[in-house]
K.L.:
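Take this structure, written in structure tokens, and hold onto it; I'll ask about it next.
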2 protein chains.
Amino acid sequence: MAIREDGKETRLRLLEAACEVFAEKGYRNAKVADICQKAGANVASVNYHFGDKATLYVEAWQHAFQIKPEMDVPEPPGMPPEERLRLQIHFLIQHHTEQGAMGQFTRLYLMELASPTGLIQNVWHRLIDPRRQKLLDVIHVLLGGSACEETILFCEMSIINQCRALLTTRPDDIEYLLKQPLTPDLITRLAEHVTRFSLAGIKAVGQLPSK
Amino acid sequence: MAIREDGKETRLRLLEAACEVFAEKGYRNAKVADICQKAGANVASVNYHFGDKATLYVEAWQHAFQIKPEMDVPEPPGMPPEERLRLQIHFLIQHHTEQGAMGQFTRLYLMELASPTGLIQNVWHRLIDPRRQKLLDVIHVLLGGSACEETILFCEMSIINQCRALLTTRPDDIEYLLKQPLTPDLITRLAEHVTRFSLAGIKAVGQLPSK
DNA sequence: GACAAATTCAAATCATCATTTAAAATTGTT
DNA sequence: AACAATTTTAAATGATGATTTGAATTTGTC
């Protein structure tokens with residue numbers, strides 16, 4: 001019986017192409033044809049290897065997450081919470097312009113946050129919740145421990161939504177809003193701004209009596 | 001020569017239905033058929049009265065903005081900048097769940113911010129810039145006057161993107177993220193959070209040496 | 001009431017994509 | 001080399017939605 005292995009290569013190329021295209025366009029706007037072309041494969045290959053576009057999306061997610069080790073934000077023990085928050089924010093904001101697996105995953109992640117497909121419900125908890133928990137932990141510490149859960153979650157929203165913007169807004173519009181070209185340096189400054197802005201925000205809402 | 005006027009009524013119903021549907025679904029996900037059904041008109045009427053979906057979108061924008069007077073955030077003279085910022089934030093966040101013309105325009109506006117169509121470039125400046133300028137003014141004052149333009153624009157992004165989230169995130173996801181049902185009361189608390197968070201953020205980045 | 005212009009309507013057409021099909025090509029095994 | 005399972009391919013099919021068409025219908029004017 002013949003057990004060919006060459007199909008697995010195509011499958012892999014499809015996964016990688018899918019990551020790129022989904023990360024750039026989002027699920028809805030990504031065309032199966034584009035993915036196949038980028039992968040150098042026939043349109044029918046998506047159906048052959050994955051069944052349909054939705055399944056390809058889910059598998060692309062899982063594939064992008066394979067590189068998990070380098071995905072994690074480094075957190076040396078003893079690092080002050082302010083610094084941990086800074087790292088997480090820079091991580092979210094900067095990686096979306098980065099080449100490589102890490103940037104790709106971040107783009108995929110923020111894209112799903114921006115316009116959720118609901119297709120990865122199962123995958124989501126396993127992949128995202130641990131990362132989310134880290135952010136919540138830092139916020140919790142920064143709030144001073146006495147804050148109610150709602151406050152923590154509100155702060156999380158404030159931070160995530162500031163970070164999301166870079167992804168969900170067209171580059172043209174960002175340049176129009178900020179009145180300057182979107183350089184890596186600008187992104188760094190923006191990350192720094194979001195950090196300071198959010199640190200102060202957290203401290204401020206932490207001083208209120210919790211409900 | 002006959003000059004019938006009854007067509008104008010249909011045109012108006014189409015505009016109002018278009019506002020609602022576009023505001024709810026965004027340009028891409030809004031179906032011409034849905035708009036027509038809501039307006040009680042035939043599908044062909046969009047073509048007859050407006051030419052195509054894109055033109056209908058632009059005209060819906062202009063229509064939604066007709067109610068301009070009540071659109072403006074009230075700003076009694078002598079009101080402290082903190083209070084002016086609070087009003088603007090509550091305005092942005094709360095109106096998107098509100099009935100009526102004001103809420104509709106806010107939804108349309110935030111929806112275009114969330115996924116820009118690029119169709120209303122011409123309309124945008126005339127309609128949005130004055131409103132945007134008000135927010136920038138308040139931020140400028142709160143920053144203490146010595147801040148560079150980039151800082152002002154960064155703060156604007158921070159605030160707008162916090163407000164956008166409520167619109168660009170599916171209600172289900174908001175409830176999941178915040179772990180509670182999305183009631184008007186929750187929205188009020190969220191608006192209050194964004195206000196405090198942002199006020200502190202602005203004050204903090206205003207104390208840095210400007211570049 | 002009859003006419004002409006304006007408006008509505010149901011159905012047809014187009015365009016865009018995802019998905020399926022069935023034939024052709026390739027690979028591993030003998 | 002021959003064969004069978006696997007993979008690729010071009011072309012067909014389907015589904016969804018926007019747009020167009022041309023025949024009714026309605027309205028204002030005479």
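Chain letters run A, B, ... following the sequence lines, proteins first and then strands; every chain starts at 1. The basis for the numbers below is simple: all heavy atoms, side chains too, and nothing from hydrogens, waters or symmetry mates.
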K.L.:
State which residues pass side chain to side chain donor-acceptor pair (under 3.5 Å) with Glu175(B); sequence neighbours excluded, sorted by chain then number.
P.N.:
none
K.L.:
Using atom types as modelled, flag every donor-acceptor pair under 3.5 Å from a side chain in residues 176-183 of chain B to any protein atom, sequence neighbours excluded.
P.N.:
residue	atom	partner	partner atom	Å
Tyr176(B)	OH	His125(A)	ND1	3.3
Tyr176(B)	OH	Asp129(A)	OD1	3.3
Lys179(B)	NZ	Glu149(A)	OE2	3.0
Gln180(B)	OE1	Arg189(B)	NH2	3.1
Gln180(B)	NE2	Glu150(A)	OE1	2.8
Thr183(B)	OG1	Leu186(B)	N	3.1

K.L.:
Does Ser158(A) have any side chain to side chain donor-acceptor pair (under 3.5 Å) partners at least two apart in sequence or in another chain, and if so, which?
P.N.:
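Residues passing side chain to side chain donor-acceptor pair (under 3.5 Å) with Ser158(A): Gln162(B), His193(B).
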K.L.:
Listing request: all side-chain hydrogen bond (donor to acceptor under 3.5 Å, both in side chains) pairs with a residue in residues 21-37 of chain A, at least two apart in sequence or in separate chains.
P.N.:
none
K.L.:
I need the CD-C1' distance between Gln37(B) and dT8(C), as an integer number of Å.
P.N.:
17 Å
K.L.:
dT8(C) phosphate, OP1 or OP2: any side-chain N/O from His49(B) under 4.0 angstrom?
P.N.:
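Checking His49(B) against dT8(C): at least one side-chain N or O falls below 4.0 Å of OP1 or OP2.
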K.L.:
Spell out protein contact along nucleotides 11-22 of chain D as letters: B when the base is contacted, S when just the sugar-phosphate is, - when no protein heavy atom is under 4.0 Å; keep the 5' to 3' order.
P.N.:
------SSSBB-
K.L.:
Residues in salt bridge (Lys or Arg N to Asp or Glu O under 4.0 Å) with Glu20(A), at least two apart?
P.N.:
Lys38(A)
K.L.:
How would you list all residue pairs meeting salt bridge (Lys or Arg N to Asp or Glu O under 4.0 Å) that involve residues 53-66 of chain A, not counting sequence neighbours?
P.N.:
Arg11(A)-Glu59(A)
K.L.:
So if I take residues 8-18 of chain A and measure heavy-atom distances to DNA chain D, which residues fall below 4.0 Å?
P.N.:
Lys8(A), Thr10(A)
K.L.:
Asn47(A): which residues meet the side chain to side chain donor-acceptor pair (under 3.5 Å) condition with it, sequence neighbours left out?
P.N.:
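For Asn47(A), no residue satisfies side chain to side chain donor-acceptor pair (under 3.5 Å) once neighbours in sequence are set aside.
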K.L.:
Are Arg131(A) and Tyr109(A) in a cation-pi contact, defined as NZ or CZ under 6.0 Å from the six-membered ring centre and within 45° of the axis?
P.N.:
yes
K.L.:
Just how far, in rounded Å, is C1' of dC17(C) from CG of Asn29(B)?
P.N.:
15 Å
